A.B. asks: 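Before anything else, here's the structure in question.
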Amino acid sequence: MVCQRMLEEQNTLDVTRLKCGGFIFAHRFNHTMGDGTGLSQFMTAVGEIARGALAPSTPPVWERHLLSARDAPLITYQHEEYSHNTSSPENGTIILADNLVCRSFLFRQSHISSLRRFVPHNLRCSTFDILSACLWRCRTKALELDPNEDVRLICIVNARFKSNPPLPLGYYGNALGFPAASSNIGNLTQNPLEYALKLVKQAKKKVTEEYMKSTMDLLVTRGRPNIKLARSYIVSDLTRAKFKDIDFGWGEAVLIGPETCWELISFYIPSKNKKGDDEIIVPVCLPASAMKNFVKELEDMLKDEPTVHADI
């Protein structure tokens, strides 16, 4: 009963009606039950039932055993993303919670194109790759950390299709990889953007079926260690989670995303302009002095494309 009550308290829905006829749909959920893709699946099901469906088009699948550790656990990756000590915090430079400033930045297609001028023509990369490399580099320079220290960029990667066979359609549990790109601060800030970009691409390539099995084995054998937070920056792409397709009967959502932002993680939130062009909103949280530096670094990267602040 206690566990059930805790889950109920951590999974709540709240609807606020607006005078314009729209509404705000807020969902507080327990992340141990599912990830962003699972949350999108649940909200899609709620929307389908609200529009008259008798059952969701994609039935939920539990099947948690599919991501269990192997009978003989074998850690085959270094897993820089996880702490080696579960009882004490990792030493290193971290952002203090004092005087934090949170701002949201709007990236248009023209901004992404502007960043691509730093990339050699033979180096293929996605919008996520180049945006993550840019933010990681600008943020690290803005914090003015010791150039002899190391920093990490942790990418949150959907691993549903990395196994053979893939996880069944409808699986809503956590199926995420947290590959880390690591670099000496001096190298990251002094080298061209191409340097950071290659590290991001290499980190994403780590997420294979064997990587996920190694992760499960590590979590079991090391007592579920925490993600390394000191000197880390985490990025999570919500642009492909299909939140914008959710319809409760009032049409497509105007805006989706987390209620607040944190100093160690940025979400890539999908948006559209009045012409219907795709855009990305990225909340960033930094100390006030570092935020000024961050804006300057970002403007230097974008050159002729002005930095846009999105108030959300």
Side-chain angles (χ1 to χ4, degrees), residues 77-85 88-103 105 107 114-120 123 125 128-157 177-206 225-237 261-268 282-303 307:
Y77 281 74
Q78 290 187 350
H79 294 290
E80 296 180 53
E81 63 273 26
Y82 288 101
S83 174
H84 293 286
N85 194 332
S88 62
E90 176 191 359
N91 294 325
T93 304
I94 59 174
I95 296 177
L96 299 178
D98 298 333
N99 199 25
L100 289 177
V101 175
C102 294
R103 301 177 70 172
F105 297 87
F107 290 89
S114 181
L115 291 176
R116 288 188 182 278
R117 76 182 189 280
F118 295 104
V119 182
L123 181 58
C125 64
F128 174 88
D129 297 337
I130 194 166
L131 182 56
S132 299
C134 172
L135 293 172
W136 184 29
R137 186 173 183 271
C138 289
R139 180 181 181 274
T140 303
K141 294 182 72 172
L143 287 170
E144 299 180 331
L145 304 173
D146 184 344
N148 296 313
E149 290 187 358
D150 291 338
V151 287
R152 284 175 298 274
L153 176 76
I154 298 177
C155 308
I156 300 181
V157 177
F178 297 86
S182 180
S183 173
N184 170 269
I185 292 175
N187 290 336
L188 178 64
T189 57
Q190 294 170 18
N191 277 300
L193 182 64
E194 178 186 351
Y195 172 84
L197 177 59
K198 288 181 177 179
L199 291 178
V200 173
K201 289 172 62 66
Q202 290 169 9
K204 286 174 53 182
K205 286 182 179 180
K206 294 179 186 176
N226 293 320
I227 296 292
K228 287 182 180 178
L229 297 181
R231 291 170 287 143
S232 291
Y233 178 44
I234 305 172
V235 289
S236 178
D237 186 6
C261 64
W262 297 271
E263 62 270 26
L264 295 180
I265 184 170
S266 288
F267 294 93
Y268 298 173
V282 182
V284 176
C285 191
L286 288 168
S289 58
M291 182 60 77
K292 291 181 180 180
N293 296 338
F294 178 81
V295 172
K296 181 181 182 303
E297 294 294 338
L298 193 57
E299 288 177 343
D300 287 344
M301 293 291 293
L302 295 175
K303 294 296 182 181
T307 305

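Positions are given from 1, in the same order as the sequence printed here. Small disclaimer: the values here were computed from a predicted structure and weren't measured.
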A.B. asks: To the nearest 0.5 angstrom, please state how far the CD atom of Glu263 sits from the CZ atom of Arg139.
C.D. replies: 8.5 Å
A.B. asks: Please check this pair: side chain of Ser266 against backbone of Pro283, looking for a donor-acceptor N/O pair closer than 3.5 Å.
C.D. replies: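 Checked: pair present.
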A.B. asks: Can you tell if the side chain of Asp146 reaches within under 4.5 Å of the side chain of Ile185, non-hydrogen atoms only?
C.D. replies: no
A.B. asks: Once rounded to the nearest 0.5 Å, what's the spacing between atom CD1 of Ile234 and atom CZ of Phe178?
C.D. replies: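 One finds 7.5 Å between CD1 of Ile234 and CZ of Phe178.
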A.B. asks: Please round to the nearest 0.5 Å and tell me the distance separating atom CD1 of Ile154 and atom CG of Leu229.
C.D. replies: 7.0 Å
A.B. asks: Testing the basics here: between Ala230 and Arg152, what is the closest heavy-atom pair and its distance to 0.1 Å?
C.D. replies: O-NH2, 2.6 Å
A.B. asks: Is the shortest side-chain heavy-atom distance between Arg103 and Phe294 below 4.5 Å?
C.D. replies: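 When only atoms from C-beta onward are counted, Phe294 and Arg103 do not touch, as no gap falls below 4.5 Å.
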A.B. asks: Compare every heavy atom of Leu100 with every heavy atom of Pro287, then report the nearest pair and how far apart it is.
C.D. replies: N-CD2, 3.6 Å
A.B. asks: Give the minimum heavy-atom separation between Arg137 and Thr189, together with the two atoms involved.
C.D. replies: NH2-O, 3.4 Å
A.B. asks: Using a 4.5 Å cut-off on heavy atoms from C-beta on, say whether the side chain of Lys198 contacts that of Leu123.
C.D. replies: yes
A.B. asks: Considering non-hydrogen atoms only, spot the tightest contact between Ser114 and Leu302 and give its length.
C.D. replies: OG-O, 3.0 Å
A.B. asks: For Lys204, does the NZ atom sit with more than 12 other heavy atoms under 6.0 Å from it, leaving out its own atoms?
C.D. replies: yes
A.B. asks: Take Lys206 and Glu81 through the side chain to side chain contact (heavy atoms under 4.5 Å, CB included) test and state the conclusion after the steps.
C.D. replies: CA-CA 12 Å; Lys206 294 179 186 176; Glu81 63 273 26; 5.6 Å; no
A.B. asks: What is the distance from atom OG of Ser236 to atom OH of Tyr268, rounded to the nearest 0.5 Å?
C.D. replies: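 Here the rounded value is 9.5 Å.
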A.B. asks: Looking at side-chain heavy atoms only, is the closest gap between Phe267 and Ile156 below 4.5 Å?
C.D. replies: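 No - every pair of side-chain heavy atoms lies 4.5 Å or more apart.
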A.B. asks: CG/Asp129 to CG/Leu199 distance, rounded to the nearest 0.5 angstrom?
C.D. replies: 11.5 Å
A.B. asks: Less than 4.5 Å apart, side chain to side chain, heavy atoms only: is that true for Cys134 and Leu193?
C.D. replies: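 Answer yes - side chains close enough.
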A.B. asks: Atom CZ of Phe118 and atom SG of Cys125: how far apart are they, to the nearest 0.5 Å?
C.D. replies: 12.5 Å
A.B. asks: Identify, with sequence neighbours excluded, every residue that meets ring-ring contact (aromatic ring centres under 6.0 Å, His included) alongside Tyr82.
C.D. replies: none
A.B. asks: Do Phe105 and Leu135 come within less than 4.5 Å of each other through their side chains, counting heavy atoms only?
C.D. replies: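 In short, these two side chains do not touch, never coming nearer than 4.5 Å.
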A.B. asks: Hey, does Phe128 have a side-chain heavy atom less than 4.5 Å from the side chain of Val235?
C.D. replies: yes
A.B. asks: Has Lys141 got a side-chain atom pairing as donor or acceptor with Asn293's backbone, closer than 3.5 angstrom?
C.D. replies: no
A.B. asks: For the residue pair Leu115 and Met301, establish whether any side-chain heavy-atom pair is separated by less than 4.5 Å.
C.D. replies: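 Answer yes - side chains close enough.
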A.B. asks: Does Lys201 have any salt bridge (charged side-chain N to carboxylate O under 4.0 Å, His left out) partners at least two apart in sequence or in another chain, and if so, which?
C.D. replies: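 Per chain and number, Lys201 pairs via salt bridge (charged side-chain N to carboxylate O under 4.0 Å, His left out) with no residue.
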A.B. asks: Does a donor on one side chain sit under 3.5 Å from an acceptor on the other, for Tyr233 and Thr140?
C.D. replies: no
A.B. asks: Could you pull out the closest heavy-atom pair between Leu264 and Ser232, with the gap in Å?
C.D. replies: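 Shortest heavy-atom separation between Leu264 and Ser232 comes out as CD2-O, 3.6 Å.
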A.B. asks: Do you know which two heavy atoms are closest between Val284 and Met291, and how far apart they sit?
C.D. replies: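 So the minimum-distance heavy-atom pair works out to O-CE, 3.4 Å.
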